[in-house]
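First up is the structure itself, then whatever we jot down about it.
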Amino acid sequence: GFGRRAVLGTAAGSLPLLFIGRARAAETTLRISNNVPATHPLNVRLREAAEAIARETDGKVELRIFPSNQLGADTDVLSQVRAGAVQMMTISGLILSTLVPAASINGVGFAFTDYPTVWKAMDGALGAHVRAEVGKAGLIMFERIWDNGFRQITSSHKPINTPADLANFKIRVPVSPLWTSMFTAFGSAPTSINFAETYSALQTRIVDGQENPLAVVETAKLYEVQKYCAMTNHMWDGFWLIANRRAFSAVPAASRVVVERELNAAAMRQREDVAALNAKLEGQLRERGVTFNTPDAAPFRAKLQQAGFYNEWKGKFGPEAWALLEGAVGGLA
Ligand code: X2X
């Protein structure tokens with residue numbers, strides 16, 4: 001465990017574990033929750049940051065990472081972070097929008113089509129707008145958003161090639177009005193389900209499909225319960241790192257600087273990991289038996305347009321926020 005170093009005897013089994021040294025108890029323990037498995041680059045880089053933070057604060061700040069929804073499903077943990085029972089979490093901006101509506105703006109269908117545009121917007125004026133809104137809601141939001149990725153649609157029983165294939169399609173979407181609105185515009189039958197329950201919802205056929213970046217399909221083993229994958233790239237989604245304001249402000253200032261610096265730096269490395277992983281996973285998932293297809297995005301986007309999706313969300317986000325989005329990605333509605 002943390003704080004103890006074990007030295008194993010060379011004659012395996014014959015010597016008891018010898019404990020040398022016991023680190024001072026941390027002055028601050030920050031519990032940080034997320035929804036992806038320990039193997040996802042998000043958790044790999046969080047662990048690395050936790051080590052750096054412990055080292056640089058001389059053990060004063062301990063970051064305890066809880067992957068795979070161990071502390072609860074996203075919407076529950078969000079409430080716990082607001083209350084301070086859990087100090088930190090990573091969360092999709094779209095799910096955070098249940099609290100701060102502005103946070104779902106990056107999820108507008110087909111708005112983003114490449115990573116350079118994503119990072120320029122999220123590290124620039126669009127991200128700053130979201131952080132300001134989240135700040136008003138009493139939460140701390142770290143500067144660098146972590147990557148989830150471009151989302152693809154998987155299905156258990158049929159490939160999705162055209163918008164017509166999405167008609168009445170029973171699809172799990174995360175808990176967020178934007179996701180429900182988008183798949184309703186496609187004519188699908190979306191059901192809001194937290195990620196914590198997604199695997200079992202697919203396994204028991206409560207829904208026939210879901211949509212996620214390949215890194216999630218792989219690390220959460222969704223390929224075990226899905227047969228087809230359509231490379232729609234219909235949305236870019238990231239994980240914001242948020243903290244309870246009271247808890248984070250209680251960290252001594254010098255340590256707080258270290259925590260912010262290390263976590264923002266870890267996000268930058270995680271972005272590279274996820275992009276590399278998503279780029280190579282198609283081949284690996286094919287070997288696992290997933291059948292891929294790459295639909296033309298144009299008719300899907302046209303379908304959203306015809307359904308009034310862009311106009312509706314332009315109205316919801318308001319002209320200023322919409323101008324920031326269009327300033328980054330070009331005209332949408
Ligand atoms: O819930 C999901 O699908 C996930 C893991 O992609 C998010 O956190 C939005």
Side-chain angles (χ1 to χ4, degrees), residues 32-46 65-79 81 86 88-100 103-109 112 118 122 130 141 145-155 170-183 188 190-203 206-226 229-230 232-242 267 270-271 273-275 277-278 281:
I32 176 167
S33 164
N34 67 75
N35 65 4
V36 287
T39 49
H40 189 282
L42 178 92
N43 280 307
V44 175
R45 296 299 185 179
L46 274 180
I65 304 159
F66 295 86
S68 293
N69 297 291
Q70 285 170 14
L71 298 182
D74 286 326
T75 50
D76 301 327
V77 177
L78 178 59
S79 302
V81 171
V86 175
M88 302 172 85
M89 77 184 298
T90 53
I91 183 168
S92 162
L94 280 78
I95 302 173
L96 183 57
S97 80
T98 55
L99 178 65
V100 181
S104 64
I105 193 155
N106 63 270
V108 169
F112 287 99
V118 166
M122 302 314 285
V130 172
M141 181 177 255
I145 191 168
W146 301 56
D147 193 15
N148 187 353
F150 285 93
R151 301 181 75 97
Q152 323 298 351
I153 302 175
T154 68
S155 156
K170 288 198 287 177
I171 184 168
R172 172 269 172 174
V173 292
V175 182
S176 171
L178 184 80
W179 254 303
T180 303
S181 162
M182 198 167 135
F183 281 87
S188 307
T191 306
S192 299
I193 299 175
N194 270 306
F195 192 66
E197 285 91 43
T198 294
Y199 184 100
S200 71
L202 294 166
Q203 190 175 37
I206 288 170
V207 287
D208 293 324
Q210 66 85 48
E211 44 81 63
N212 248 304
L214 297 188
V216 172
V217 175
E218 169 65 21
T219 58
K221 300 189 192 310
L222 300 184
Y223 56 82
E224 292 177 349
V225 287
Q226 296 283 269
C229 182
T232 49
N233 291 298
H234 57 274
M235 176 196 296
W236 176 82
D237 182 30
F239 295 113
W240 286 109
L241 178 55
I242 59 171
Q270 186 265 6
R271 292 177 183 182
D273 298 344
V274 171
L277 192 58
N278 280 332
L281 275 177

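One-based numbering, in listed order, for ligands and for the atoms of each. Residue numbers count from 1 along this sequence.
The shortest contact between atom 6 (O) of ligand 1 and any protein heavy atom is with Asn212 OD1, 2.6 Å. For atom 1 (O) of ligand 1, the closest heavy atom belonging to the protein is Arg172 NH2, 2.8 Å.
Considering backbone and side-chain atoms alike, Glu211 places every N or O at 3.5 Å or more from each N or O of ligand 1. Residue contacts with ligand 1: Trp179 is placed with no nitrogen or oxygen under 3.5 Å of a nitrogen or oxygen of the ligand (distance criterion only).
In this comparison of Ile193, Asn35, Val217, Asp74, the heavy atom closest to atom 8 (O) of ligand 1 sits on Asn35.
If you look at Gln210 next to ligand 1, there are no close heavy atoms at all, none under 4.0 Å. Residue Ile91 does not touch ligand 1, judged by heavy-atom distances below 4.0 Å.
For the pair Arg172/Thr191, no side-chain contact is recorded, criterion being any heavy-atom separation below 4.5 Å from C-beta on. Counting only heavy atoms from C-beta outward, the side chains of Gln270 and His40 approach each other to under 4.5 Å.
Taken from CH2 in Trp146 to CZ in Arg271, the straight-line distance is 10.0 Å, to the nearest 0.5 Å. Within the model, atoms CZ of Phe239 and CG of Leu46 stand 10.5 Å from one another, a figure rounded to the nearest 0.5 Å.
Less than 4.0 angstrom separates some heavy atom of Ser92 from each of these atoms of ligand 1: 9 (C). With ligand atoms numbered from 1 in the order given, ligand 1 contributes 9 (C) to contacts under 4.0 Å with heavy atoms of Asp237. Within ligand 1, the atoms closer than 4.0 Å to a non-hydrogen atom of Phe239 are 8 (O), numbered from 1 in the order shown.
Donor-acceptor pairing under 3.5 Å is recorded for the side chains of Ser92 and Asp237. When only modelled atom types and interatomic distance are considered, Gln152 and Asn233 share a side-chain donor-acceptor pair under 3.5 Å.
A donor-acceptor pair under 3.5 Å is absent between the side-chain atoms of Ser181 and the main chain of Pro177, judged by distance alone.
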